[in-house]
Structures are given as structure tokens and as C-alpha cells.
Amino acid sequence: MKQDNCIFCKIIAGEIPSQTLYEDNQFKVILDVGPATKGHALILPKEHYANLYELPEDTASDVFKLAKKMMAKMTEKLHCDGFNIVQNNGEVAGQTVFHFHMHLIPRYKNDGEILKYIAGSPSQEELAEIKKIITE
Ligand code: 5GP
Ligand code: ZN
């Protein structure tokens with residue numbers, strides 16, 4: 001279902017232009033207008049779902065199948081050296097457009113450090129406590 005104030009719904013409906021790399025009845029893959037690297041693309045489901053919590057399981061698995069296909073094609077054409085797959089859920093996680101999307105970010109040798117996080121150093125006891133919270 002299209003959402004009136006959603007920029008990605010408007011792109012999918014063709015109301016806002018985009019550079020489209022791939023399209024089928026379920027997905028559109030477009031170039032990001034604010035790319036982290038050359039070729040940074042977004043997989044958009046045509047149906048509006050705010051995030052991965054809302055995405056149906058079948059669609060979620062189809063997104064990953066398409067990501068794999070796009071990665072292969074983009075690696076061949078762009079000669080990139082690696083890929084980051086990024087998918088933000090919620091404002092606190094950096095999500096700015098609340099229509100599910102998966103970032104496909106080609107990486108090139110010496111393209112600079114992007115997407116770094118500072119690794120913590122929890123004790124084994126702390127890790128065990130977190131495991132307990134999640135699994136019990
Ligand atoms: P998020 O931060 O929600 O994970 O990512 C949103 C992404 O959408 C950003 O990388 C941003 O550059 C991209 N974006 C926002 N508006 C537009 C637009 O109108 N067209 C395209 N192609 N990308 C957009
Ligand atoms: Zn939408």
C-alpha cells in the first residue's frame with residue numbers, strides 16, 4: 001500500500017525520478033542520491049513497510065536473494081573489491097527514510113574508512129548475561 005508522504009513510495013510510483021538499476025514486480029533497485037561510494041544502491045520493496053520488523057518473511061528472504069544477484073553484477077561492472085550490506089531500523093540506528101530499504105555499498109581499496117564502529121570489550125560473564133537475556 002502506497003503511503004502518501006513517503007519519498008520511496010513516490011520513487012516507486014515514478015512521481016520522483018531515480019536512476020533505476022533493476023526492477024521487477026516486487027522490487028526496485030536505485031542509485032542512492034547521497035552515495036557513500038561509487039555505485040551505492042538501495043533495494044526498495046514496492047510495498048510500503050517501515051522497517052525489517054514489518055517486512056514479511058518471504059519478502060525478507062527475497063531481498064537477500066536480490067542483494068546477492070546485484071552484488072555479483074555490480075562487482076563485475078564496477079570492479080569493486082568488496083561490499084557492505086547495510087540496513088538501518090529506527091531513528092536511533094540511523095534510519096532516515098521509513099520505507100524499508102537495504103543499502104548495497106561497493107567498496108574499493110583505499111576508499112577510506114566508512115561504517116566503522118568502536119568495538120567494546122565485555123567480560124565473558126557480561127556476554128553470558130546478554131546471551132541469557134536474549135535466549136531465555
Ligand atoms: P537510511 O539512513 O534511512 O538508512 O538511508 C536513506 C538513504 O536514502 C540515504 O542514503 C539517502 O541518501 C537516500 N535518499 C534519500 N532521499 C532520496 C531520494 O530522493 N532519492 C534517492 N535515490 N535516494 C535518497
Ligand atoms: Zn513508502
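As the structure lists them, so they are numbered: ligands from 1, and atoms in each ligand from 1.
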Exercise for the section: Around atom 3 (O) of ligand 1, find the nearest protein heavy atom and jot down its residue, atom name and distance. Expected result: Thr96 N, 2.7 Å
Problem - Backbone of Ala50 reached by a side-chain donor or acceptor of Glu54 within 3.5 Å - result: yes
Exercise for the section: Find all atoms of ligand 1 within a distance of less than 4.0 Å from any non-hydrogen atom belonging to Leu42, and give their numbers and elements. Expected result: 8 (O)
Fill in the blank from the handout: Among non-hydrogen protein atoms, atom 15 (C) of ligand 1 lies closest to Val97 CG2, 4.1 Å
Exercise for the section: Take every heavy atom of Gly94, measure it against each atom of ligand 1, and state whether any distance is under 4.0 Å. Expected result: yes
Exercise for the section: Give yes or no for whether the N/O distance cutoff of 3.5 Å, strictly under, is met between Ile11 and ligand 1. Expected result: no
Handout entry: ILVMFWY network linking Val63 to Met70, side-chain heavy atoms under 4.5 angstrom
Key = yes
Handout entry: side chain to side chain contact (heavy atoms under 4.5 Å, CB included) between Ile7 and Ile16, intermediate numbers included
Key = CA-CA 8 Å; Ile7 192 145; Ile16 292 177; 3.8 Å; yes
Handout entry: Working for salt bridge (Lys or Arg N to Asp or Glu O under 4.0 Å), residues Asp81 and Lys109
Key = CA-CA 6 Å; Asp81 304 301; Lys109 282 190 186 85; 3.5 Å; yes
Fill in the blank from the handout: Paired with Phe83, the side-chain contact (heavy atoms from CB on, under 4.5 Å) test is passed by just one of Thr37, Thr75, Ile105, namely Thr75
Problem - Same apolar cluster: Ile12 and Leu42, side chain cutoff 4.5 Å - result: yes
Practice task
Starting from the C-alpha separation in whole Å, work towards a yes-or-no answer on side chain to side chain contact (heavy atoms under 4.5 Å, CB included) for Tyr22 and Leu66.
Solution key: CA-CA 10 Å; Tyr22 174 85; Leu66 180 54; 3.7 Å; yes
Practice task
Using non-hydrogen atoms of the residue, decide whether His103 is closer than 4.0 angstrom to ligand 1.
Solution key: yes
Practice task
Report yes or no: does a heavy atom of Ile16 sit under 4.0 Å from some atom of ligand 1?
Solution key: no
Fill in the blank from the handout: closest protein heavy atom to atom 19 (O) of ligand 1 is Ile7 CD1, 3.5 Å
Exercise for the section: Apply salt bridge (Lys or Arg N to Asp or Glu O under 4.0 Å) to Lys46 and Glu23, showing your working. Expected result: CA-CA 10 Å; Lys46 289 191 169 176; Glu23 186 164 8; 2.9 Å; yes
Fill in the blank from the handout: Note: ligand 1 atoms sitting under 4.0 Å from heavy atoms of Gly34 are 12 (O)
Practice task
State, without any angle test, whether Asn51 and Tyr49 hold a side-chain donor-acceptor pair at a distance under 3.5 Å.
Solution key: no
Problem - His99 ND1 and His48 ND1 subtending at the Zn ion (ligand 2) (10° steps) - result: 110°
Completion exercise
When rounded to the nearest 0.5 Å, the distance separating CD of Gln26 from CD1 of Ile43 is 11.0 Å
Exercise for the section: Could you say whether the N/O atoms of Gln95 and ligand 1 ever approach to under 3.5 Å? Expected result: no
Practice task
Would you kindly specify which portion of Phe8 sits under 4.0 Å from ligand 1, judged on non-hydrogen atoms: side chain, backbone, both or neither?
Solution key: side chain
Problem - His103 and His101 aromatic centres sub-6.0 Å - result: yes
Practice task
Kindly confirm or rule out an N or O of Leu31 lying under 3.5 angstrom from an N or O of ligand 1.
Solution key: yes
Fill in the blank from the handout: Looking only at protein heavy atoms, what sits closest to atom 5 (O) of ligand 1 is His101 NE2, 3.0 Å
Handout entry: Nearest-contact summary for atom 17 (C) of ligand 1 - protein heavy atom, Å
Key = Val33 CG2, 3.6 Å
Practice task
Provide, to 0.1 Å, the distance between atom 7 (C) of ligand 1 and the closest protein heavy atom, together with that atom's residue and name.
Solution key: Asp32 OD2, 3.5 Å
Practice task
Examine ligand 1 and decide if any of its atoms is less than 4.0 Å from a heavy atom belonging to Val86.
Solution key: no
